[in-house]
Student: 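My questions all concern the structure below.
Throughout, a chain's letter reflects where its sequence line sits, starting with A, and its residues are numbered from 1.
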There are 2 protein chains.
Amino acid sequence: MGVRVSPGVPLLIVMINTRYKIIIEYDGSHFFGWQIQKDQPTVQGAIENALQSIFQAPIKVTGSGRTDTGVHARGQVAHFDTPRDMEPSRLQLALNHFLVRQGVSIVRCEKATADFHARFSAISRSYEYLVVNRSAPLALDAKRALHFYKPCDEGAMQEAARTLIGTHDFSAFRDSQCQARSPIKTLEEATVTRDGEVIRFFFKAPSFLHHQVRNMVGSLLMVGSGKWTPVTFREVLESRQRTKAGPTISPYGLYFLRADYTSGH
Amino acid sequence: MGVRVSPGVPLLIVMINTRYKIIIEYDGSHFFGWQIQKDQPTVQGAIENALQSIFQAPIKVTGSGRTDTGVHARGQVAHFDTPRDMEPSRLQLALNHFLVRQGVSIVRCEKATADFHARFSAISRSYEYLVVNRSAPLALDAKRALHFYKPCDEGAMQEAARTLIGTHDFSAFRDSQCQARSPIKTLEEATVTRDGEVIRFFFKAPSFLHHQVRNMVGSLLMVGSGKWTPVTFREVLESRQRTKAGPTISPYGLYFLRADYTSGH
């Protein structure tokens with residue numbers, strides 16, 4: 001190969017990057033979370049390694065939000081820029097070739113405009129938390145759900161969950177390591193439904209505090225098992241004290257379902 | 001302890017065994033199938049080891065049916081006799097103490113009458129087969145379902161599945177290793193339903209041939225993808241030739257759902 005340069009003509013190299021948006025499913029039990037860490041398997045690290053193999057260049061991947069060790073995703077979103085253009089369906093196949101045996105699947109891959117940002121363009125995130133409510137321990141769903149063996153009233157939990165909708169100071173459900181500037185967040189949706197022995201919690205908000213979903217569900221289960229009334233639950237929220245709330249429950253029940261963007265993204 | 005024997009009175013020791021019926025959930029991806037094998041982890045072996053630890057005696061466990069390597073169960077049934085009586089809920093806790101980290105859970109444990117036999121008393125078995133129908137490979141369900149990436153028409157498969165109901169010579173869907181005396185079986189139910197990208201096959205019969213469900217679904221997918229019509233499918237069944245039928249598909253999509261017994265068992 002080599003570039004022919006006419007003598008006297010200045011050589012101008014313009015790097016034209018292509019931005020891609022990907023939607024990612026992963027089994028969180030295989031990873032130390034989303035964010036890249038030295039010497040630990042992470043989802044971001046796995047995707048960056050695959051891109052390095054495909055493009056023979058270091059490429060940084062930006063996710064719509066971090067997930068902790070053990071947390072799963074059905075629809076995590078990320079973007080990255082590549083030094084050369086590739087047809088999205090070919091890039092998806094190439095990525096999945098490297099990722100599939102690691103517990104990661106790129107379920108969609110498309111070109112994005114240069115102003116698309118997986119984190120800053122997102123207008124909402126949705127999470128699901130799964131609880132299996134039965135006396136026997138979990139075999140098939142051991143790393144897919146929380147096992148809750150006490151009888152649990154989903155109606156009382158749904159009533160308590162309604163308290164969470166709207167704008168609140170969520171300090172009672174905020175991890176001490178949380179780096180958000182403010183504990184004030186706006187929850188758009190909060191539902192609790194049962195299908196047989198499976199209880200499903202769904203939450204949607206522009207953004208969440210660290211451990212917020214696991215802490216909210218940990219406290220809702222206090223209501224479900226009859227230890228607290230929905231009124232106690234509201235008092236816990238209003239206390240803004242983490243020590244008054246329930247435990248931070250298992251990451252294995254938590255699923256990052258999707259991030260939503262304004263139309264055009 | 002020790003037994004006091006009055007001189008001159010003959011000592012009569014009567015071993016009174018208690019029979020138990022258990023219902024078992026397991027993650028088949030951890031095991032070389034149900035049936036005990038030397039030097040390989042099996043579900044029967046795991047339960048027999050747990051019983052040995054609890055009763056300090058060898059106890060044989062009899063399942064309602066064998067499952068192959070990789071096949072899961074939500075409701076396998078088994079029975080066994082113990083040399084001493086134990087409260088069923090205590091026995092269930094003790095078994096789960098040993099089994100839970102191995103991917104096995106005893107979801108029910110009860111005393112059974114001496115004539116109860118998990119295999120011979122069963123009047124029907126039900127299996128489910130799960131297919132995820134999408135282009136992207138599976139991350140979360142990699143060992144829980146078959147990945148089928150071609151578009152798939154569940155209506156055509158349901159039509160073909162109806163052909164299977166009733167009494168037929170199922171040689172076309174019988175494994176060459178099958179030890180059943182006859183290839184004639186009676187299928188009571190066969191349904192195909194879709195929920196989003198998940199296609200669910202359900203089959204109920206007094207008994208099945210070896211690999212019968214995986215072979216039937218392998219052929220139904222030939223109809224779903226448009227390679228065969230439901231008429232071709234019927235001709236394959238009627239040919240009684242294994243070589244004319246579709247492939248034996250992955251064990252990871254197969255779930256032993258339950259065994260049914262006459263009332264009283």
Student: Identify which part of A:Val104 has an atom lying under 4.5 Å from any heavy atom of chain B, answering side chain, backbone, both or neither.
Tutor: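 Contact with chain B involves the backbone of A:Val104 alone.
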Student: Got a second to check how far A:Leu138's CG is from B:Asp27's CG, nearest 0.5 Å?
Tutor: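 The CG atom of A:Leu138 sits 11.5 Å away from the CG atom of B:Asp27.
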Student: Taking all non-hydrogen atoms of both residues into account, name the closest pair between B:Ala139 and A:Gly103 and its distance.
Tutor: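 Scanning both residues, the minimum pair turns out to be CB-O, 3.4 Å.
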Student: Is the count of non-hydrogen atoms from other residues, nucleotides or ligands lying under 6.0 Å from B:Lys111 atom NZ greater than 12?
Tutor: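 Atom NZ in B:Lys111 is crowded, with more than 12 foreign heavy atoms closer than 6.0 Å.
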Student: At their closest point, which heavy atom of A:Leu140 faces which heavy atom of B:Arg144, and how far apart are they?
Tutor: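 Closest approach of A:Leu140 to B:Arg144, heavy atoms only: O-NH1, 2.6 Å.
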Student: Should we count CZ of A:Arg119 as having more than 12 external heavy atoms under 6.0 Å?
Tutor: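 12 or below, so no.
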Student: Could you tell me the separation between the CG atom of A:Asn96 and the OG atom of B:Ser135, rounded to the nearest 0.5 Å?
Tutor: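 Nearest 0.5 Å value for the CG-OG distance: 8.5 Å.
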Student: Which region of B:Arg134, side chain (C-beta onward) or backbone (N, CA, C, O), has a non-hydrogen atom less than 4.5 Å from a non-hydrogen atom of chain A, or is it both or neither?
Tutor: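 It is the side chain, since no backbone atom gets that close.
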Student: Heavy atoms only: give me the nearest B:Ala136-A:Ser105 pair and the separation to one decimal.
Tutor: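 So the minimum-distance heavy-atom pair works out to CB-OG, 3.7 Å.
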Student: Please identify each residue that fulfils side-chain hydrogen bond (donor to acceptor under 3.5 Å, both in side chains) with A:Asp260, with sequence neighbours left out.
Tutor: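 side-chain hydrogen bond (donor to acceptor under 3.5 Å, both in side chains) check on A:Asp260 returns A:Ser124, A:Arg258.
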Student: Does the pair B:Arg74 and A:Asp141 meet the rule for a salt bridge (Lys or Arg N to Asp or Glu O under 4.0 Å), with working shown?
Tutor: CA-CA 11 Å; B:Arg74 292 244 174 234; A:Asp141 299 314; 3.6 Å; yes
Student: Is chain B contacted by the side chain of A:Gln102, its backbone, both, or neither, given a heavy-atom distance below 4.5 Å?
Tutor: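 No part of it gets close to chain B.
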Student: Using a 6.0 Å cut-off, check whether atom CZ of B:Arg19 has over 12 heavy atoms from anything other than its own residue.
Tutor: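 Counting neighbours around CZ of B:Arg19, more than 12 heavy atoms of other residues, nucleotides or ligands fall under 6.0 Å, so yes.
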